[in-house]
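What you see is a predicted model, and the numbers here were worked out from it, not measured in a lab. Counting starts at 1 for both ligands and their atoms, following the listed order. As a basis for the values below, the full set of heavy atoms in this structure was taken, side chains included, without hydrogen atoms, waters or symmetry mates.
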Amino acid sequence: MDDCLFCKIADGRIRGDMVYQDDKTVVFKDINPQAPTHLLVVPREHIPMVADMTERQSELVGRLFYVAAEVCRKGGISDYRLVINNGQGVGQTVFHVHLHVLAGRPFHWPPG
Ligand code: 5GP
Ligand code: ZN
């Protein structure tokens with residue numbers, strides 16, 4: 001996608017603070033962190049939101065959780081919150097699917 005921010009970060013047109021990359025996935029630091037650790041796990045393929053994914057893409061979206069767990073394990077992080085916002089009404093601002101990884105402070109439940 002030509003005008004998508006996370007497509008641009010994933011393919012290097014815009015610089016991101018990368019912490020992990022593979023052929024299907026990138027992980028970079030959130031520019032406006034909401035916790036001491038705030039990473040975004042992003043598929044290279046453009047999917048606007050969870051509600052748009054096809055069954056074929058479900059493996060890729062599942063992979064985001066695997067990559068999040070691997071990055072946290074390698075970073076010595078055992079407790080973390082994983083969040084995906086689906087839709088403007090719940091706070092989605094970038095319409096390229098991404099998994100937030102938040103850690104390093106207490107988190108409340110239910111979330112606000
Ligand atoms: P959403 O609100 O869509 O669930 O999450 C979008 C996230 O992307 C926000 O947490 C926001 O801080 C982050 N973000 C927005 N623009 C940029 C950017 O240019 N670089 C990085 N690294 N993160 C960004
Ligand atoms: Zn995109």
Hey, does Leu5 come in under 3.5 Å of ligand 1, counting only N/O atoms on both sides? no
About how many Å separate SG of Cys7 and CD of Glu45, when rounded to the nearest 0.5 Å? 9.5 Å
Heteroatom count (protein N, O or S) under 2.8 Å of the Zn ion (ligand 2): 4
Parallel, tilted or perpendicular, judged at 30° and 60°: which one describes the rings of His96 and His46? perpendicular
Out of curiosity, does Met49 fall in the hydrophobic cluster containing Met1 (side-chain heavy atoms, cut-off under 4.5 Å, transitive links)? no
When you measure from atom 11 (C) of ligand 1 to every protein heavy atom, which one gives the shortest distance, and what is it? Asp30 OD1, 3.4 Å
Can you sort out which atoms of ligand 1 are near Phe6, meaning under 4.0 Å from one of its heavy atoms? 8 (O)
What is the distance from atom NE2 of His38 to atom NE2 of His100, rounded to the nearest 0.5 Å? 5.0 Å
Would you mind listing which atoms of ligand 1 come within a distance below 4.0 Å of any non-hydrogen atom of Asn32? 12 (O)
Under 4.5 Å between side-chain heavy atoms, chaining through other members, with only Ile, Leu, Val, Met, Phe, Trp and Tyr counted: pull out the rest of the cluster around Met53, sorted by chain and number. Val19, Tyr20, Val27, Leu39, Val41, Ile47, Val50, Leu60, Val61, Leu64, Phe65, Tyr66, Val67, Val71, Ile77, Tyr80, Leu82, Ile84, Val97, Leu99, Val101
Mark up the atoms of ligand 1 that fall under 4.0 Å of a heavy atom belonging to Phe28, in ascending order. 22 (N)
To the nearest 0.1 Å, how far is atom 3 (O) of ligand 1 from its closest protein heavy atom, and which atom is that? Thr93 N, 2.7 Å
Which heavy atom of Gln92 sits nearest to which heavy atom of Asn85, and what is that distance? OE1-O, 3.2 Å
Of the listed options (Ile14, Ile31, Val42), which comes nearest to atom 18 (C) of ligand 1 when hydrogens are ignored and any heavy atom counts? Ile31
Enter the distance from Arg81:CZ to Gln34:CD here, rounded to the nearest 0.5 Å. 13.0 Å
So for atom CZ, which belongs to Arg15, do other residues, nucleotides or ligands contribute more than 12 heavy atoms lying within a distance under 6.0 Å? no
I'd like to know if Ile9 contacts ligand 1, where contact means a heavy-atom distance under 4.0 Å to any ligand atom. yes
Given 3.5 Å as the limit, does a donor-acceptor pair link the side chain of Arg44 with the main chain of Gln21, or not? no
Nearest to atom 5 (O) of ligand 1, what protein heavy atom do you find, and at what distance? His98 NE2, 2.9 Å
In the protein, which heavy atom is nearest to atom 22 (N) of ligand 1, and how far is it? Lys29 O, 2.9 Å
Return yes when Gly16 approaches ligand 1 closer than 4.0 angstrom through a heavy atom, no otherwise. no
Against Asp30, only a single residue in Leu102, Thr37, Leu40 fulfils side-chain contact (heavy atoms from CB on, under 4.5 Å); can you say which? Leu40
Rounded to the nearest 0.5 Å, the CD atom of Glu70 sits from the OG1 atom of Thr25 at a distance of 11.5 Å
